[in-house]
Amino acid sequence: MNWFSWLGTFFSSPDRQHGPDSVLNRIGEHLLLSGEALALAALLAVPLGLLLGYTGRAAGLVTALTGTARALPTLGLVTLAVLVAGVGDTAVLVPLVALAAPVLLVAACEGVRSTDPDLRDAARGIGLTHRQVLWQVCVPWSLPALLAGLRTAAVQVIATATVAAYVGLGGLGRYVVDGLATRDFPQTFGGALLVVVLAVATQLLFALLNRFALPAGLRRPRG
């Protein structure tokens with residue numbers, strides 16, 4: 001059986017069109033879980049990254065720690081979270097947040113640090129406070145870096161959220177895990193393809209947003 005036949009078998013199944021195992025329902029579950037993890041990671045990491053980037057403190061340490069955090073095994077964190085918190089959303093959100101937060105922390109920190117020093121000096125020269133300089137100058141300047149970090153984190157989270165199925169939760173990972181368990185290869189292939197398509201669509205969306213993120217008055221000169 002070729003891949004096209006597998007896809008036809010997968011999408012033509014009544015279960016894929018209606019009910020809790022439908023494609024639309026599984027995509028919704030996957031996006032909801034991924035969105036929760038990304039929002040929590042942004043809430044934790046972005047403010048801290050902006051502050052560290054503006055003050056210039058511990059920037060090197062941030063890069064080193066985030067590099068270490070990215071090496072943590074996601075499935076191992078899921079197992080540990082299940083043992084500590086039991087089966088539930090927390091068991092998956094913890095490792096997904098741990099995966100996304102370092103990326104966002106570095107993006108926020110480096111985005112603010114890359115602000116044109118002349119702009120910061122000029123803002124201070126006209127009497128803006130440090131808080132005003134951060135929010136009115138540095139944050140707009142760092143938006144492309146922030147959105148690039150969000151794009152990377154979102155793609156990683158969407159691709160990794162399939163681990164939710166290993167602890168009995170929903171999402172597109174259900175197709176992959178259940179298909180492997182029952183040797184239903186059309187289901188496994190269809191689920192994996194949907195994850196790839198969702199990740200690519202997310203990357204394209206953020207690329208489009210990033211293209212228009214920087215206000216014209218703060219654009220870096222070319223060349």
Side-chain angles (χ1 to χ4, degrees), residues 31-74 77 80-81 84-85 89-90 92-161 202-203 205-221:
L31 287 175
L32 180 61
L33 182 63
S34 301
E36 288 178 357
L38 194 63
L40 287 172
L43 186 63
L44 293 171
V46 171
L48 180 60
L50 294 176
L51 179 62
L52 293 177
Y54 185 77
T55 60
R57 298 174 181 173
L61 180 60
V62 166
T63 303
L65 290 178
T66 52
T68 302
R70 292 179 194 178
L72 294 174
T74 303
L77 288 177
L80 181 61
V84 174
D89 289 354
T90 302
V92 179
L93 285 175
V94 168
L96 291 181
V97 170
L99 177 68
V103 178
L104 297 176
L105 182 63
V106 170
C109 184
E110 293 301 321
V112 172
R113 289 182 66 197
S114 69
T115 304
D116 189 336
D118 291 338
L119 282 176
R120 293 177 62 162
D121 292 342
R124 291 291 293 159
I126 63 174
L128 295 185
T129 65
H130 285 294
R131 178 177 295 182
Q132 289 172 324
V133 172
L134 174 61
W135 288 105
Q136 296 179 26
V137 177
C138 296
V139 170
W141 183 275
S142 65
L143 279 177
L146 281 171
L147 284 176
L150 280 169
R151 178 179 61 185
T152 301
V155 171
Q156 290 180 346
V157 166
I158 286 173
T160 311
T202 300
Q203 190 163 14
L205 175 62
F206 274 98
L208 183 63
L209 291 174
N210 189 63
R211 182 178 179 182
F212 303 102
L214 193 62
L218 291 178
R219 293 187 186 278
R220 298 176 179 87

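Throughout, numbering of the chain's residues begins at 1 and tracks the sequence.
- Applying side-chain contact (heavy atoms from CB on, under 4.5 Å) to Leu104 and the options Leu48, Leu44, Leu150 leaves one that passes, Leu150.
- Between Gly149 and Ala107, the closest heavy-atom pair is CA-CB, 3.8 Å.
- Between Ala41 and Ala101, the closest heavy-atom pair is CB-N, 3.8 Å.
- Nearest heavy-atom pair across Pro144 and Pro140 is CD-O, 4.1 Å.
- Put simply, the side chain of Ser142 gets close to the backbone of Val139: a donor and an acceptor are under 3.5 Å apart.
- Pairing each heavy atom of Ser34 with each of Ala161, the nearest pair is OG-CB, 3.7 Å.
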Working for side-chain contact (heavy atoms from CB on, under 4.5 Å), residues Leu50 and Tyr54: CA-CA 6 Å; Leu50 294 176; Tyr54 185 77; over 6 Å; no

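- Minimum interatomic distance between Val155 and Gln203 (heavy atoms only, all atoms of both residues): CG2-CB, 3.9 Å.
- A side-chain contact (heavy atoms from CB on, under 4.5 Å) with Leu96 holds for exactly one of Val157, Ile158, Leu38; it is Val157.
- The line from CG of Leu146 to CZ of Arg151 is 13.0 Å long, rounded to the nearest 0.5 Å.
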